[in-house]
Amino acid sequence: MTRKLPRSFYSRPTLRVARDLLGKYFIRRAGRFVFVGKIVEVEAYRGSIDPASHAYRGKTPRNEVMFGEAGHLYVYFTYGMHFCANVVTECPGKAGAVLLRALEPIRGLERMKLNRTTKGRSLDLFQLTNGPAKFCQAFSIVRNDNGTDLLGDRIYITEGEPVVDSEVSRSQRVGIRTGRDKKWRYFVKGNLWVSRP
DNA sequence: CGACCGATTGACT
DNA sequence: GTCAATCGGTCGG
């Protein structure tokens, strides 16, 4: 695969990191399994200036990873059953994160299917990773992965495939009330794994 | 404390 | 289209 992104990629303004994450390869090693997916949909959450951000009201035990060094994974638990994963951005002390909303599965598909299967129901390929909690379930990302350094070997992101501006679309973010007007969702135009709210 | 509700998903009318 | 699942974060008393 291509080379691992350096810390300097993450230590930048959140909107820039969000757009530039499109096309990158997200890699997760879990025991003998390796999962790889191309990032095709993300949302920026901009800390103290963003009412929709978990970090808007300051640092707490839950969101402290967002206030730390860029290039770590912020994983949170929601709706009593789902996990969602973010990439931490900006410099230490300034909270920022990019929510990974959808990936195009590249490697580890069979195990992803098993991870995503409930009650023996079979899922088609497009439902494997077309949502933030779906992707975490497919890639076995859980509470314990919160804070993981993306410059380590367990979870990391590589250069992947460049996505030119003409292939990028922006929209309002999904599933939030405050800050709904901001177009801080970025996705690859026409990609079949992009979630459709 | 107790009440409310969420960066979601899947099942169902 | 509607709605329950399920639990921890957050906020008011």
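Below, chain A is the first sequence line, B the second, and so on; all start at residue 1.
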Can you give the dot-bracket line for DNA chain B, where a pair is Watson-Crick or G-U wobble with both atom distances under 3.5 Å, crossing pairs use [ ], and | marks a partner on another strand? ||||||.|||||.
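Regarding A:Tyr56, its OH atom lies at a distance of 16 Å from the P atom of B:dG6, rounded to whole Å. Rounded to whole Å, the distance from NE2 on A:His82 to P on B:dT8 is 9 Å. Here C:dT10 presents its P atom at 12 Å from CD of A:Glu64, a figure rounded to the nearest Å. In this structure, CD of A:Glu41 is placed 11 Å from C1' of B:dA7, rounded to the nearest angstrom. Between A:Met81 atom CE and B:dC5 atom C1' there is a gap of 13 Å when expressed in whole angstrom units. Rounded to whole Å, the distance from CZ on A:Arg143 to C1' on C:dC7 is 9 Å. Here the P atom of nucleotide B:dT9 and the CZ atom of A:Phe126 are 17 Å apart, to the nearest Å. Rounding to whole angstrom units, CG of residue A:Asn130 and P of B:dT9 are separated by 8 Å.
For A:Asn146 (side chain) and A:Val75 (main-chain N/O), a donor-acceptor pair under 3.5 Å exists by modelled atom type.
Under the 4.5 Å side-chain heavy-atom criterion for ILVMFWY residues, no single connected hydrophobic cluster contains both A:Val36 and A:Trp193. In the hydrophobic clustering of ILVMFWY residues, with side-chain heavy atoms under 4.5 Å counting as a link, A:Leu99 and A:Tyr10 come out apart. Linking Ile, Leu, Val, Met, Phe, Trp and Tyr whenever their side-chain heavy atoms come within less than 4.5 Å puts A:Phe83 and A:Phe135 in one cluster.
Phosphate proximity of B:dT9 to A:Arg116: absent, as no side-chain N or O sits under 4.0 Å from OP1 or OP2. Considering only side-chain N and O atoms, A:Ser53 lies nowhere under 4.0 angstrom from the phosphate OP1 or OP2 of B:dA7. A close approach under 4.0 Å does not occur between any side-chain nitrogen or oxygen of A:Arg46 and OP1 or OP2 of B:dA7. For the pair A:Arg185 and B:dA7, the criterion of a side-chain N or O lying under 4.0 Å from OP1 or OP2 is not met. Taking only side-chain nitrogens and oxygens, A:Arg57 never comes nearer than 4.0 Å to OP1 or OP2 of C:dT10.
The nearest heavy atom of DNA chain C to A:Phe77 and to A:His54 marks one nucleotide each, and the one closer to the 5' end goes with A:Phe77.
Applying the side-chain hydrogen bond (donor to acceptor under 3.5 Å, both in side chains) criterion to A:Thr78, with sequence neighbours excluded, gives no partner residue.
At the heavy-atom level, A:Arg173 lies nowhere under 4.0 Å from the strands shown. In this structure, A:Ile176 reaches the sugar-phosphate backbone alone: every heavy-atom distance under 4.0 Å involves primed, P, OP1 or OP2 atoms, never a base. At the heavy-atom level, A:Ala133 lies under 4.0 Å from the strands shown only through sugar-phosphate atoms.
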Please report the C-alpha distance between A:Asn86 and A:Tyr76 in whole Å, then the side-chain angles of each, then the deciding distance to 0.1 Å, and finally whether the side-chain contact (heavy atoms from CB on, under 4.5 Å) criterion is met. CA-CA 9 Å; A:Asn86 302 248; A:Tyr76 68 89; 3.6 Å; yes
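With 3.5 Å as the limit, one finds no donor-acceptor pair spanning the side chains of A:Arg180 and A:Gln172.
Considering only side-chain atoms of A:Asn86, the nucleotide from B:dG6, B:dA7, B:dT9 that sits closest is B:dA7.
Spacing of C1' atoms, B:dA7 relative to C:dG1, comes out at 23 Å, to the nearest Å.
In this structure, A:Arg19 fails the cation-pi test against A:Tyr186, since its NZ or CZ atom is not both closer than 6.0 Å to the six-membered ring centre and inside 45 degrees of the ring normal.
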